[in-house]
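Atom set for the values below is all heavy atoms of this structure, side chains included, hydrogens, waters and symmetry mates excluded. Reminder, nothing fancy here: chain letters follow the sequence lines and each chain counts from 1.
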Protein chains: 2
Amino acid sequence: MINVVLADDHVLVRDGIKALLEDQTGIVVIDEASNGKEALEVVSKNKPHVLIIDIRMPEMNGIEAVAEIKKHYKDVKTLMLSMHDSEEYVVKSIQAGADGYLLKGASKEEFIKAVNKVASGGKYFTGDVSSIIMNNFVNGTATKVEEPKPVAKELPFKLTKREKQILSLVLELKNNKVIAEELQISKRTAEVHRFNLMKKLEAKNLQELTNKAKDYQLI
Amino acid sequence: MINVVLADDHVLVRDGIKALLEDQTGIVVIDEASNGKEALEVVSKNKPHVLIIDIRMPEMNGIEAVAEIKKHYKDVKTLMLSMHDSEEYVVKSIQAGADGYLLKGASKEEFIKAVNKVASGGKYFTGDVSSIIMNNFVNGTATKVEEPKPVAKELPFKLTKREKQILSLVLELKNNKVIAEELQISKRTAEVHRFNLMKKLEAKNLQELTNKAKDYQLI
DNA sequence: ATAAAATTAAGTATTTATACTTAGTTTTGT
DNA sequence: ACAAAACTAAGTATAAATACTTAATTTTAT
């Protein structure tokens, strides 16, 4: 049985969520609060498994409340509720230590999934805010977190789109045959592009080509 | 109008997704592929806005395909499809540069939301995989970020001193003539060493040689 | 609409690399 | 001292890259 505390300043919203969750065996709403301060008190009294808390509330907002709670009751899981996918809210919620984030328009199924997930020690952030998370926190190989890149030399030439494409394949040490197959062009064409690249970069072998490509940051 | 390419090895799945998306104005499936290699070709030919790609496929899996595509067609957005929320798949997809991740059980609404989101330059990772993302990539106040472990593979062979010497020159993309001059040996000798290196590392081209050398940390 | 730029690809000759094999000459370990 | 391992390098045949040129399409910009 998962014990839940609901914090939202609108009774209607609390009732709605309660209805949504409670005809589901396994989840029970044991107490409620109508602002952040109250949420703190209720959590300290009841030690629920999960606190579902709205972000915009009077007295003390949900994010501040969660930051406090996470300091003192580390095993109370927290699920943020918000009207919109505000970047600021999402970022601050994560920094505060929230275990999940749902929009108020979430379906019953998603609500239940989220509560179960965070109760069992996982996280649940709705897909609607994934874009914000990825852009602000994740630097996967291909994602940007604004690296301070060294100054590139000025290009005394311009490469066409196709040439850049072929350059990148050449730099992977692929031979013309492979490049041709990959781009669905004739091997002879690949050769021409490679030849033009060598000319433009004034390289007389692959080694020089990679070096210049690095210098000009074509890499 | 958003142009989509679908890659999945099951025709039924493709048909299902197509049906799901196409009665929605604004999205059109312009081509299909049944494995990763084919996906590469189709993408190179059609330059779609979005590639929806299954992860488990024969020939070349979806993650490898996306990694390739992201290198050469940076503005083709990619949406991964997977049966389950496998940690490995999610992590590798993000590292490959995927723009989104959906489970096959996603609703029509979520599908359409995801396609629109990635097409417009955003990200869409379903809530079901948020836990994985948070645990692996996000270091909010309370989450851990793990260091990448550079574990070298065990060497199933031994390189001689001379071979290591020549390997390092080969990896600098120097040709046999240059290497021979540098080491004051005959070009033919350099060739033999290079040949033996290729054999030992089981590489069939320079590209594979550099990759294996990296794997075994001979670099 | 049309000129300029880009992409495509063939032709030709020369140089390198690849894929081996064989084999003579050092080094090195015990 | 002596066998094993390492280094050297030639032979041969095939495949690929290099270094160009020419030129037919296709795309892009004005």
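- Rounded to whole Å, atom P of D/dT21 lies 19 Å from atom CZ of A/Arg194.
- Taking atom NZ on B/Lys161 and atom P on D/dC7, their separation rounds to 7 Å, with Å as the unit.
- The CG atom of B/Leu197 sits 13 Å away from the P atom of D/dT8 (whole-angstrom rounding).
- If you measure from atom NZ of B/Lys187 to atom P of C/dT15, you get 10 Å, rounded to the nearest angstrom.
- Taking a 6.0 Å sphere around NZ of B/Lys37, one finds it holds 12 or fewer heavy atoms contributed by other residues, nucleotides or ligands.
- Looking at heavy-atom distances under 4.0 Å, A/Thr189 makes contact with a base.
- Place A/Ala203 and B/Glu163 on DNA chain D by their nearest nucleotides, and B/Glu163 ends up nearer the 5' end.
- Between B/Asn175 and the phosphate of C/dA17, there is a side-chain N or O to OP1/OP2 separation shorter than 4.0 Å.
- In terms of position on DNA chain C, the residue among A/Leu183 and B/Asn176 whose nearest nucleotide sits closer to the 5' end is A/Leu183.
- Only one option out of A/Gln165, A/Met198, A/Glu163 pairs with A/His193 in a side-chain contact (heavy atoms from CB on, under 4.5 Å); it is A/Glu163.
- Among the candidates B/Glu110, B/Lys77, B/Lys117, the single residue satisfying the side chain to side chain donor-acceptor pair (under 3.5 Å) test with B/Tyr124 is B/Glu110.
- Neither OP1 nor OP2 of D/dT8 sits under 4.0 Å from any side-chain N or O of B/Arg188.
- In this structure, B/Thr160 does not reach the D/dA5 phosphate: none of its side-chain N or O atoms is under 4.0 Å from OP1 or OP2.
- Side-chain atoms of B/Asn176 and B/Arg194 form a donor-acceptor pair, as typed in the model, at a separation below 3.5 Å.
- The side chain of B/Val192 lies closest to D/dA9, out of D/dA9, C/dT18, C/dT16.
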message: Could you go through B/Ser82 and B/Tyr101, starting from their C-alpha distance and side-chain angles, then the distance that decides it, and tell me whether this counts as side chain to side chain donor-acceptor pair (under 3.5 Å)?
response: CA-CA 8 Å; B/Ser82 174; B/Tyr101 199 106; 3.3 Å; yes

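- The distance from atom CD1 of A/Ile179 to atom C1' of C/dT8 is 16 Å, rounded to the nearest whole Å.
- A straight line from CD of B/Glu191 to P of C/dT21 spans 15 Å, rounded to a whole angstrom.
- Between the CZ atom of B/Phe195 and the C1' atom of C/dT22 there is a distance of 13 Å, rounded to whole Å.
- Phosphate contact (OP1/OP2 of C/dT16, side-chain N/O of B/Lys177, threshold under 4.0 Å): present.
- We find that CE of B/Met198 is positioned 11 Å from P of C/dC20, with the value rounded to whole Å.
- Contact annotation: B/His193 side-chain N/O to D/dT8 OP1/OP2 distance is under 4.0 Å.
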